[in-house]
Amino acid sequence: MVSATDNSLSSLHIERKLEIAAPVQTTFEALLEQIGPGSTLPDGTPLPMKLEAWPGGRWFRDLGDNAGHLWGHVQVIKPPALIEIIGPLFMSYPVMSHVQYRLIEKGDATTLQFLHRATGHIDPSHTENVVPGWEYILEQIKQRAEHSV
């Protein structure tokens, strides 16, 4: 049986600016570590992610034994100033996200400008939890970078 329903599309727009007391290269390396092999959930549980840091590279959750979840692909990478990723991210349903991390050097410090935009059939629970999730990730990037100096 095939049926049609009217499921309205929704969108998501998150912007955040973060000042980090670390050079831009150190911050970029902390970013790659945090969204890659150093990724954790807020409770400290490891979230095994892999990032292939080149144009078209995959960003995925690696569950081992060829199992996992594709979060997206690198659309733009210009080390150490910019990385953009497109894909469904943590949402396993019809949705498209664009995530941008822009790093701006300010002497021995860095401004991280973060942007996440998404459109599709976004689950309301994801809308509620995405802001605290990104806040956690961004804070982890800041802590990694500042502790590396």
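Values below: every heavy atom of this structure, side chains too, minus hydrogens, waters and symmetry copies.
Note that the OG1 atom of Thr40 and the CG atom of Leu47 stand 8.0 Å from one another [nearest 0.5 Å]. Remark: Thr27 OG1 to Ile104 CD1 distance equals 12.0 Å, nearest 0.5 Å. Rounded to the nearest 0.5 angstrom, Arg144 CZ and Gln34 CD are separated by 4.5 Å. Considering CD1 of Ile20 and CD of Glu139, their distance stands at 8.5 Å, rounded to 0.5 Å. In this structure, CG on Leu9 lies 5.0 Å from OG1 on Thr119, to the nearest 0.5 angstrom. With rounding to the nearest 0.5 Å, the separation of CD in Glu19 from CD in Glu146 is 10.5 Å.
The salt bridge (Lys or Arg N to Asp or Glu O under 4.0 Å) check on Arg61 picks up nothing, with sequence neighbours excluded. Listed by chain and number, the residues in a side chain to side chain contact (heavy atoms under 4.5 Å, CB included) with Ala109 amount to none (sequence neighbours excluded). Every residue two or more places apart in sequence or in another chain that forms a salt bridge (Lys or Arg N to Asp or Glu O under 4.0 Å) with Lys50 is listed here: Asp62. Partners of Ser11 by side chain to side chain donor-acceptor pair (under 3.5 Å), not counting sequence neighbours: none found. Judged as a side chain to side chain donor-acceptor pair (under 3.5 Å), and not counting sequence neighbours, Gln75 has no contacts. Partners of Glu135 according to the salt bridge (Lys or Arg N to Asp or Glu O under 4.0 Å) rule, which considers only residues two or more places apart in sequence or in another chain, are Arg16. By the side chain to side chain donor-acceptor pair (under 3.5 Å) test, Asp43 pairs with Thr45, sequence neighbours left out. Residues passing the ring-ring contact (aromatic ring centres under 6.0 Å, His included) test with Tyr101 are Phe114, sequence neighbours excluded. Listed by chain and number, the residues in a salt bridge (Lys or Arg N to Asp or Glu O under 4.0 Å) with Arg58 are Glu52 (sequence neighbours excluded).
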N/O donor to acceptor pairs below 3.5 angstrom from side-chain atoms of residues 76-96, sequence neighbours left out:
from: Glu84; atom 1: OE1; to: His98; atom 2: NE2; distance (Å): 3.1
from: Glu84; atom 1: OE2; to: Gln100; atom 2: NE2; distance (Å): 2.8
from: Ser92; atom 1: OG; to: His69; atom 2: NE2; distance (Å): 2.7
from: Tyr93; atom 1: OH; to: Asp123; atom 2: N; distance (Å): 3.0
from: Tyr93; atom 1: OH; to: His126; atom 2: ND1; distance (Å): 2.6

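Nearest heavy atoms, Glu15 versus Leu115: CG-CD1, 3.3 Å. Heavy atoms only, all atoms of each residue included: Met49 and Ile35 are closest at CB-O, 3.4 Å. In terms of heavy-atom proximity, Ala118 sits nearest to His116 at CB-NE2, 3.9 Å.
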### Message
Could you go through Gln25 and Glu29, starting from their C-alpha distance and side-chain angles, then the distance that decides it, and tell me whether this counts as side-chain contact (heavy atoms from CB on, under 4.5 Å)?
### Response
CA-CA 6 Å; Gln25 183 63 43; Glu29 291 167 9; 3.0 Å; yes

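Under a 4.5 Å side-chain heavy-atom cut-off, the cluster of Ile, Leu, Val, Met, Phe, Trp and Tyr residues that includes Val149 has no other member.
Put simply, Leu63 and Leu51 are part of two different groups of oily side chains (I, L, V, M, F, W, Y) that touch within less than 4.5 Å, one to the next. Note on Val131 and Tyr136: same hydrophobic cluster, where clusters join Ile, Leu, Val, Met, Phe, Trp and Tyr whose side-chain heavy atoms are under 4.5 Å apart, directly or indirectly.
Applying the ring-ring contact (aromatic ring centres under 6.0 Å, His included) test to every pair with at least one member in residues 16-68, sequence neighbours left out, gives these pairs: Trp59-Trp71.
For Thr110 (side chain) and Ala22 (main-chain N/O), a donor-acceptor pair under 3.5 Å exists by modelled atom type.
Heavy atoms of other residues, nucleotides or ligands lying less than 6.0 angstrom from NE2 of His13 number more than 12.
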